[in-house]
Visitor: 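The structure that follows is given in the form of structure tokens.
First listed ligand is number 1; within each ligand, the first listed atom is number 1. Because only heavy atoms are used, hydrogens play no part in the values below, and waters and symmetry mates are left out as well, while side chains stay in.
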Amino acid sequence: MLALNDTHAPELRSWVPGAAPGSDFPIQNLPYGRYWSQRHHAPRIGVAIGDAIVDLHEAAAAGALAGPGADAVRGTASDDLRGLMASPRADLQALRSGLSAALAEGAARRAAMQLALLPRAGCQLLLPTAPPNYTDFFASIHHASNAGQIRRPGNPLLPNFHHLPVAYHGRPSTVRASGEDVRRPRGQVLREGAALPTLEASQWLDFECEVALWIGAPNELGEPIGLDDADAHLFGLGLLNDWSARDIQMWETQPLGPFLSKNFLTTVSPWVVSADALIPFRVPAVARAQSTPPVLPYLCSERNQRCGGIDLRLAVELETADMRRQGQAPVTLAAPRFKDHYWTPAQMIAHHTVNGCELLTGDLLGTGTVSGPAADELGCLLEMNRCGQQALRLPNGETRMWLQDGDRITLRGRCEREGFVSIGFGEATGLVVANKALA
Ligand code: CA
């Protein structure tokens with residue numbers, strides 16, 4: 001399943017403008033998404049290549065695709081990715097091979113494929129699919145240690161952390177595609193020194209830099225997904241920003257998990273990088289320290305240890321209103337690596353279903369904040385400012401403790417490996433705007 005093939009060949013080039021190596025969407029990537037354009041006046045499913053989008057149904061109709069790949073497209077609604085997400089991996093591999101062949105320099109089907117291309121600049125990018133369910137994990141040992149240090153100095157990790165990937169069920173109704181404004185939430189907070197809570201706009205607004213896991217093939221209720229079968233259920237990866245109101249969170253999560261501090265908005269990138277495109281970037285899972293207690297067998301396998309990780313470098317950019325006014329470039333706040341994540345995607349899927357829980361096609365799993373060991377690898381402000389203790393100094397002289405109205409946070413991602421063409425994830429961006437009621 002993890003074998004390299006012709007679609008990963010580093011010498012492969014596309015005839016589509018903007019697809020050169022170094023761009024986010026070279027021919028080795030081919031991520032899936034959904035878009036709206038003047039041509040169709042309806043949501044459509046497509047694939048990003050260079051500066052363009054391939055409309056999948058137009059490509060099949062024009063004869064640019066053939067065989068099981070074209071059949072998979074024809075069997076899918078033109079406005080929803082879920083049909084493709086549920087397709088057998090062999091059909092998706094055939095589709096990827098067909099797209100790659102028709103988009104490559106010298107392609108015999110170039111003229112047919114040309115009919116199905118649209119300039120991406122004129123398209124509105126949409127949510128890949130409305131996820132039936134959304135689960136958010138807490139699976140980075142660096143994030144858990146840094147966040148736990150605030151409540152339990154000297155003993156940051158709770159006893160279960162080494163044994164299972166912790167998670168809570170999130171709110172799918174407020175998942176949006178990149179570009180949606182982040183309306184500062186109102187909520188109940190207990191200010192320091194106050195005897196009673198008050199209802200007000202959050203003053204501790206934060207981002208969380210995460211990876212989105214999109215589920216492909218479902219499992220049956222009562223039928224757990226084994227660790228080594230989990231990759232077959234993973235359609236692809238994207239970027240996810242779990243916007244968080246820390247002041248609301250501190251007061252409400254006693255004793256249960258996140259609620260209104262998280263469910264006002266979750267932003268995801270519109271492009272889903274397929275599991276097949278990520279094959280060259282698979283790396284070993286994080287090695288556990290000798291002193292760490294052993295995990296139960298259902299979360300442990302030779303295969304997961306050998307290639308359960310993914311070498312994806314993330315980036316968090318901040319653009320303040322001042323920077324925008326003065327034409328300054330955004331500042332990169334952090335660049336964490338997903339390969340440092342303690343629990344792998346396969347372990348999250350295996351654990352999620354071990355009790356028989358059914359995962360549905362299009363379900364969204366957030367990996368939890370991705371943080372690394374270095375100071376420039378922290379995936380949220382809470383870690384950077386040590387829970388409001390130390391404001392960030394920005395290069396233009398501004399300071400930030402928490403996000404202010406007018407701040408724009410953009411997540412990016414890129415997989416790189418020597419000997420291969422790197423692939424990008426596009427972006428997941430959101431602009432913080434004032435609370436409506438109090439503006
Ligand atoms: Ca989170």
Side-chain angles (χ1 to χ4, degrees), residues 131 133-151 156-158 160-161 164-176 178 180 182 185 187 202 204-215 237-254 256-269 312 314-316 333-334 336-338 340-345 347-349 351-352 363-372 377-385 387 402-403 409-413 425 428-430 432:
N133 297 285
Y134 164 44
T135 303
D136 196 25
F137 282 87
F138 179 75
S140 158
I141 195 166
H142 304 289
H143 173 68
S145 300
N146 293 334
Q149 198 68 35
I150 295 159
R151 285 190 179 175
L157 292 180
L158 288 166
N160 64 0
F161 187 83
L164 57 88
V166 176
Y168 65 95
H169 281 125
R171 180 94 190 157
S173 68
T174 45
V175 175
R176 290 290 189 278
S178 177
E180 182 84 19
V182 188
S202 171
W204 292 16
L205 186 59
D206 199 355
F207 58 83
E208 289 191 341
C209 174
E210 305 195 15
V211 173
L213 311 177
W214 291 96
I215 297 298
L237 269 59
L239 308 168
L240 184 150
N241 189 338
D242 175 25
W243 303 98
S244 299
R246 301 298 185 193
D247 40 6
I248 299 172
Q249 185 180 0
M250 302 277 172
W251 175 232
E252 76 175 0
T253 53
Q254 305 175 25
L256 291 186
F259 182 40
L260 303 175
S261 56
K262 300 275 192 176
N263 70 8
F264 55 94
L265 184 69
T266 303
T267 301
V268 295
S269 58
L312 162 60
L314 300 159
V316 183
L333 294 181
R337 295 166 186 259
F338 189 43
D340 290 329
H341 225 54
Y342 198 67
W343 296 99
T344 64
Q347 286 172 319
M348 293 182 211
I349 291 170
H351 182 64
H352 203 314
D363 273 0
L364 175 62
L365 312 186
T367 59
T369 307
V370 181
S371 291
E377 295 176 334
L378 305 177
C380 64
L381 286 175
L382 177 85
E383 292 176 72
M384 296 180 200
N385 67 23
C387 196
W402 306 104
L403 295 175
I409 291 289
T410 303
L411 306 185
R412 299 185 193 282
F425 278 63
T429 190
V432 178

Visitor: With the Ca ion (ligand 1) at the center, what angle do OD2 from D242 and OD2 from D136 span, rounded to 10 degrees?
Guide: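 Taking the Ca ion (ligand 1) as the apex, I get 80° for this pair.
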Visitor: The Ca ion (ligand 1) is nearest to which N, O or S atom of E210?
Guide: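 That would be atom OE2.
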Visitor: What are the two closest non-hydrogen atoms of R171 and V175, and how far apart are they?
Guide: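 Scanning both residues completely, I find the closest heavy atoms to be O-CG2, 3.8 Å.
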Visitor: Return the minimal non-hydrogen interatomic distance between F264 and A245, and the atom names on each side.
Guide: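 Nearest heavy atoms, F264 then A245: CE2-N, 4.0 Å.
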Visitor: Output the atom name for the N/O/S atom of E208 with the smallest distance to the Ca ion (ligand 1).
Guide: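 Going through the N, O and S atoms of E208 one by one, OE1 ends up nearest to the Ca ion (ligand 1).
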Visitor: Examine the side chains of E383 and S371 and answer whether a donor and an acceptor come within less than 3.5 Å of each other.
Guide: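 Yes.
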Visitor: Kindly indicate, with the supporting measurements, whether the criterion side-chain contact (heavy atoms from CB on, under 4.5 Å) is fulfilled by L364 and W214.
Guide: CA-CA 5 Å; L364 175 62; W214 291 96; 3.8 Å; yes
